[in-house]
2 protein chains.
Amino acid sequence: MARINKARYAVLGLLTLEPMSGYDMQKAMHKTINHFWSESDGQLYPMLAKLTQEKLVTVTEESQGARTRKIYTITKAGKKALQKWLAIPADPPSPRFELSLKLFFGHLAPKGSNIKHIKLHQHRMQASADLCKQVIKHLKSEHASDPKFTYWYLTVRSGYLNAKVQLKWCDEALELLK
Amino acid sequence: MARINKARYAVLGLLTLEPMSGYDMQKAMHKTINHFWSESDGQLYPMLAKLTQEKLVTVTEESQGARTRKIYTITKAGKKALQKWLAIPADPPSPRFELSLKLFFGHLAPKGSNIKHIKLHQHRMQASADLCKQVIKHLKSEHASDPKFTYWYLTVRSGYLNAKVQLKWCDEALELLK
DNA sequence: CATAGCATGTAAACAGTTACATGATTAT
DNA sequence: ATAATCATGTAACTGTTTACATGCTATG
């Protein structure tokens, strides 16, 4: 079975929101899909170039003085490719939870390090839950009538529930280990 | 900052349980750390060879007739390397939830495909929750007095809670989309 | 005039998957 | 006999991160 490159669809998807530059896309990623998807800079620009070559996006250069921005726009073919991918069932995820891996061998770890790891995780999950809560609030007040609202909401809701249940797990874990 | 190869520590960690062959390790992975960690075959054998070269593990060949098995044993240096890694805080995970990515652009998807994806996810999460439940039961009856018990339990407990909250999310999502 | 942010990209190295290749042993 | 499982590995490809490289523009 051929492997499917998902970075390309993340990029194509973002370009359906509006035409933008590579730099814009970095920021857009952080504002939108960051809870459940991430691409590194090193992937982004080469992917945009590749998609241009494949005619799934087009470029227009916009210059402001000496500086030029390359604005990418998705083509009809690009949108079709995205829609085709959207219909394909997701691969079963192959999980990589470093914390669990460390904890599984926790009896070999130096004293206190397990608890330290869990407290760090707790801190991150609290931040994630707070952020999701904020995003949901923002979505409800600004985008409630948008046809995309339900879909956007569901992704953030998933992030929120995950963070919350991880916080619950942290409490249990700290109780058990102390 | 240098990147840390985690596959090597998964391998070293499994070898602390008991000496085993590459083939054994594949099975051991499925029985133990599969809920939160996975390595492909293509990683495993080269990694064992590499670790041998670095003297973090040793090999002894065991022959049964014409067939030979290579049994790997962790060395003192290997155990030290593992313990050192166990003390290092985990990297913040960079999430890759394909389902969320698809759903985020769900308004562009063909009719019914979003719901199909969620139902598949629901099915997988139910299977995962059931498996975790079974593993917990097994742990409690067979390993309750093992000093590793608490750590093993916590990893499975995390998997169970995650699966459960995802099932809750599936219910909400299906309700919203129907 | 220094600093932060805007803007685009490349190169090297490493990680990871898939498919291929080979052959022995055990159970049906 | 034949199928499943034991057993070890390689090669090719693709994905991904990190660090590097360059230079402009706005703000204090």
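Only a predicted model underlies this, so the values are computations on that prediction, with no experimental measurement involved. Letters A, B, ... are given to chains in the order of the sequence lines, protein chains preceding strands, and every chain is numbered from 1.
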Peer 1: Measuring to OP1 and OP2 of dT8(C), would you say a side-chain N or O of S21(A) lies under 4.0 angstrom away?
Peer 2: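 It does, given that an N or O in the side chain of S21(A) lies less than 4.0 Å from OP1 or OP2 of dT8(C).
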Peer 1: Can you tell me how far C1' of dA7(C) sits from NZ of K27(A), to the nearest Å?
Peer 2: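 In whole Å, dA7(C) C1' and K27(A) NZ are 10 Å from each other.
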Peer 1: Around K6(B), counting heavy atoms of other residues, nucleotides and ligands shown, do more than 12 lie under 6.0 Å from its NZ?
Peer 2: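 More than 12 heavy atoms, drawn from other residues, nucleotides or ligands, come within 6.0 Å of this atom.
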Peer 1: Measure from the side-chain heavy atoms of P46(B) and tell me the nearest of dT17(C), dT10(D), dT8(D).
Peer 2: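 So the side chain of P46(B) is nearest to dT10(D).
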Peer 1: When the distance from CD1 of I4(B) to C1' of dG16(C) is rounded to whole Å, what number comes out?
Peer 2: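 Between C1' of dG16(C) and CD1 of I4(B): 18 Å.
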Peer 1: From CH2 of W37(A) over to P of dT17(D), roughly how many Å is that when rounded to an integer?
Peer 2: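 Computing the W37(A):CH2 to dT17(D):P distance gives 10 Å.
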Peer 1: Return the value, rounded to whole Å, for the distance between atom CG of D91(B) and atom P of dT16(D).
Peer 2: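 Rounding to the nearest Å, CG of D91(B) and P of dT16(D) are 16 Å apart.
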Peer 1: Report the distance from atom CD of Q26(A) to atom P of dT18(D), rounded to the nearest whole Å.
Peer 2: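 Value for this atom pair: 14 Å.
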Peer 1: Looking only at non-hydrogen atoms, find the nearest pair between A10(A) and I33(A) and report the distance.
Peer 2: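 Shortest heavy-atom separation between A10(A) and I33(A) comes out as CB-CD1, 4.4 Å.
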Peer 1: When you check the phosphate oxygens OP1 and OP2 of dC6(D), does a side-chain N or O of Y23(B) lie under 4.0 Å from one of them?
Peer 2: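 So the side chain of Y23(B) is within the cut-off, an N or O lying under 4.0 Å from OP1 or OP2 of dC6(D).
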Peer 1: By nearest atom, which of the nucleotides dT17(C), dG9(D), dG23(D) is closest to the Y72(B) side chain?
Peer 2: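 Looking only at heavy atoms from C-beta outward on Y72(B), the closest nucleotide is dG9(D).
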Peer 1: Distance from L12(A) atom CG to L51(A) atom CG, nearest 0.5 Å?
Peer 2: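 Going from the CG atom of L12(A) to the CG atom of L51(A) covers 5.0 Å.
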Peer 1: Under 4.0 Å from OP1 or OP2 of dA15(C): is there any side-chain N or O of N5(B) that close?
Peer 2: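 Checking N5(B) against dA15(C): at least one side-chain N or O falls below 4.0 Å of OP1 or OP2.
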Peer 1: Both Q43(A) and D41(B) contact DNA chain D. Which one's nearest nucleotide lies toward the 5' end?
Peer 2: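 Looking at DNA chain D, the more 5' nearest nucleotide goes with D41(B).
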Peer 1: Can you find a pair of side-chain heavy atoms, one from F104(A) and one from F36(B), that are under 4.5 Å apart?
Peer 2: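 F104(A) reaches F36(B) side chain to side chain.
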Peer 1: dG16(C) P sits how many Å from L48(B) CG, rounded?
Peer 2: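 After rounding, the reported distance stands at 15 Å.
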Peer 1: Measure from the side chain of K70(B), starting at C-beta and using heavy atoms only, and say which of dT16(D), dG5(C), dT8(D) lies closest.
Peer 2: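 Nearest nucleotide to the side chain: dT8(D).
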Peer 1: Can you check whether S40(B) has a side-chain N or O nearer than 4.0 Å to OP1 or OP2 of dT18(C)?
Peer 2: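 No, S40(B) has no side-chain N/O under 4.0 Å of OP1/OP2 on dT18(C).
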Peer 1: What nucleic acid atoms does R8(B) come within less than 4.0 Å of, heavy atoms only: base, sugar-phosphate, or nothing?
Peer 2: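 Touches nothing.
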Peer 1: Round to a whole Å and report the spacing from CD of E62(A) to C1' of dT8(C).
Peer 2: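 Rounded to whole Å, this separation is 15 Å.
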Peer 1: Just checking R69(A): base, sugar-phosphate only, or nothing, at a heavy-atom cut-off of under 4.0 Å?
Peer 2: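 Contact class for R69(A): sugar-phosphate only.
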Peer 1: Among dT25(C), dT8(C), dC6(C), find the nucleotide with the atom closest to the side chain of Y45(A).
Peer 2: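 For Y45(A), the side-chain atoms sit closest to dT8(C).
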Peer 1: Between E39(A) and R67(A), which residue's closest nucleotide on DNA chain D lies nearer the 5′ terminus?
Peer 2: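 The 5'-side residue here is E39(A).
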Peer 1: Could you check whether G42(A) gets within reach of a base, just the sugar-phosphate, or nothing at all, counting any heavy atom under 4.0 Å?
Peer 2: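 Counting heavy atoms under 4.0 Å across all strands, the contact made by G42(A) includes a base.
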Peer 1: Within less than 4.0 Å of OP1 or OP2 of dG16(C), is there a side-chain N or O belonging to K6(B)?
Peer 2: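 The answer is no; no side-chain N or O of K6(B) sits under 4.0 Å from OP1 or OP2.
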Peer 1: Using atom CG of L44(B) as one end and atom P of dG9(D) as the other, report the distance to the nearest whole Å.
Peer 2: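 The answer, rounded to whole Å, is 10 Å.
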Peer 1: Could you please spell out the steps behind the side-chain contact (heavy atoms from CB on, under 4.5 Å) verdict for H107(A) and D146(B)?
Peer 2: CA-CA 10 Å; H107(A) 64 289; D146(B) 195 309; over 6 Å; no
Peer 1: Ion pair present between R96(B) and E39(A), side-chain N to carboxylate O less than 4.0 angstrom?
Peer 2: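 Salt bridge: yes.
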Peer 1: R96(B) side chain N/O closer than 4.0 Å to the phosphate oxygens (OP1, OP2) of dT16(D)?
Peer 2: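 Checking R96(B) against dT16(D): at least one side-chain N or O falls below 4.0 Å of OP1 or OP2.
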